[in-house]
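Below is one structure, written out as structure tokens; comments come after it.
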Amino acid sequence: MNSLRSKLTISYAFVALSIIIAISVLFNIMLDKLFMQYALNKQEKQIERIVSQVNQIYNEKTGLYNQASLEIIANAALQNGLILHIKSPGSEVDWDIRQHNLDQCQIMLQHAENNMHSIYPDFKGKYSERNFDISGSNGAVGFINVGFYGPYSFNDEEIYLITTINKALIAIAIVALILAIGLGLYMARRLTIPISSVIKTAKEISKGKFGIQATSNSKSKEITELVTSINELSYELNKMEMLKRRLTSDVAHELRTPLSHLLSHTEAMIDGVWIPDRDRLQGFYDEIERITKIVNDLQRLANIEEEYIVLQKEWFNASDFLHSLYTIFQIDLDKKQIKLEFECSAKETIYADKDRLKQVMINLISNAVKYSPVQGQIKIKIFSENDNFLIYVTDNGCGIPPQDLPYIFERFYRADKSRTRITGGSGIGLAIAKALVLAHYGNITVASEIEKGTIFQIVLPIENSL
Ligand code: ADP
């Protein structure tokens, strides 16, 4: 499998190379056209100049040319690759540079051909000639024949310029390629370092090392989200693992203590040490009832969490609902002289599964009663706001330590085990309350301060009721 690093680097290099090749090809096509046009123009101008010069040195009276000047013009033309042949049929003039300097002519023609083949190996050039009239006062008196390697050719300077431009293009291509590879490697490194960290963390997690965190300095949104997600996953798994361990030990502990009591007491009765009188049997009964309650609570919670429950929703009056709760707790409240206050408009109605919501409230209020001091105060408030029904259960009891707050809704979790042992709690009440609220697509949260009190907030969405 190809690594992200090599894929990215190759992609960058490929893109850079493609762009360079495209630019080079286009540039060369344009350059060729431009140079060809330039060479043709230059040739045209040179020929024009030579024709005019030859015309100037023609002596109409004698019908001859200034020989010395002719040689100078023809030699200068030869330097530019042009071969002059002047002929006047009227007079006997027939001057051809090849008769004077054949070697040089051949060298120049060959040189032009070599030049052209050095840049265009397939260049189809050949020796060409053009004729121009020499005009006297009574019309043409002869003609100039100009021979050259054509259709056009480049001189040494032009060849040098073209090859230099091509070399520069190659140099640019190499530099761009190196930059592209460098950039590809750099980008790949920036991407792969955090991804590798996430992979490493995921592997550690799969080996059971929950809670381990991946690190990243990346500022990219997706990478940050990836790292955050794996870290959250790790955190959640760690939390679940801790709870699972705690759950197992708590279930064992919760059942072991009453069961061992029952066992030792039954043994004592079998051995005749204890007489099975009414009080002792009542003690047995209470213990068994407690174990049954725990098992039933666990089963109920499992049913709710596994979505076996079907809600029977209905509209009901909130104030009546609260008063029915008061009846349930009246004796307990009186025992501890706790004041229970309701804050709710007489017309307020709620849409929910009444029995299930009652169960939630019973669990919250029984906790409030359990953890409130004598002459404490409990307040329950129900109202609707925006798109939600809001329920608050507030007490001025012992409060919950901050480190326990995140776990308070987990089953068997008890903030202070020694305390709850006295109050008889098993740590399932809030887990059931939460599961029931979630079944209503609502939410339950808690805020608490040690020795000041606790507030539970339930939010039930109204839209769910439509
Ligand atoms: P329990 O049966 O132990 O009360 P719950 O699930 O109802 O189980 O509550 C879990 C724990 O949360 C309790 O053991 C207690 O420590 C803490 N708790 C719940 N409600 C209150 C409250 N109103 N005030 C103080 N602590 C509370």
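Every value quoted in this text rests on a predicted model; they were computed, and no experiment measured them. In each ligand, atom 1 is the first atom listed, and ligand 1 is the first ligand listed.
Interface of Lys370 with ligand 1, defined as ligand atoms under 4.0 Å from a residue heavy atom, comprises 1 (P), 2 (O), 4 (O). Within the listing of ligand 1, atoms 22 (C), 23 (N) sit less than 4.0 angstrom from a heavy atom of Asp395. Interface atoms of ligand 1 facing Ile428, defined by a heavy-atom separation under 4.0 Å, are 6 (O), 8 (O).
Within the 4.0 Å heavy-atom cutoff, Asn363 does not count among the residues contacting ligand 1. For Gly399, the heavy-atom gap to ligand 1 drops under 4.0 angstrom.
Distances from atom 5 (P) of ligand 1 to the heavy atoms of Leu430, Leu405, Val446 put Leu430 nearest. For the residues Ile408, Val393, Asn367, Ile378, the heavy atom positioned nearest atom 4 (O) of ligand 1 is part of Asn367. Closest heavy-atom approach to atom 18 (N) of ligand 1 within the set Tyr407, Phe409, Tyr371: this belongs to Tyr371.
Every N/O-N/O distance between Ile400 and ligand 1 stays at or above 3.5 Å.
At distances below 3.5 Å, at least one donor-acceptor pair connects side-chain atoms of Asn317 with backbone N or O atoms of Ser319.
For residues 168-184, no residue pair satisfies the side chain to side chain donor-acceptor pair (under 3.5 Å) rule, not counting sequence neighbours. Pairs engaging residues 108-123 under the side chain to side chain donor-acceptor pair (under 3.5 Å) rule: Asp32-Tyr120, Gln110-Asn114, His111-Asp156, Asn115-Asp156 [sequence neighbours left out].
Residues Gln359 and Asp355 have side chains that never bring a donor and an acceptor to within less than 3.5 angstrom of each other.
At least one side-chain heavy atom of Leu322 sits under 4.5 Å from a side-chain heavy atom of Leu325.
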Subject >> Candidate pair Tyr38 and Phe154, rule ring pair (Phe, Tyr, Trp, His ring centres under 6.0 Å), full reasoning >> reply: CA-CA 10 Å; Tyr38 165 78; Phe154 297 144; 8.1 Å; no
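With respect to Arg290 and Asp286, no salt bridge is recorded, no charged nitrogen being found less than 4.0 Å from a carboxylate O.
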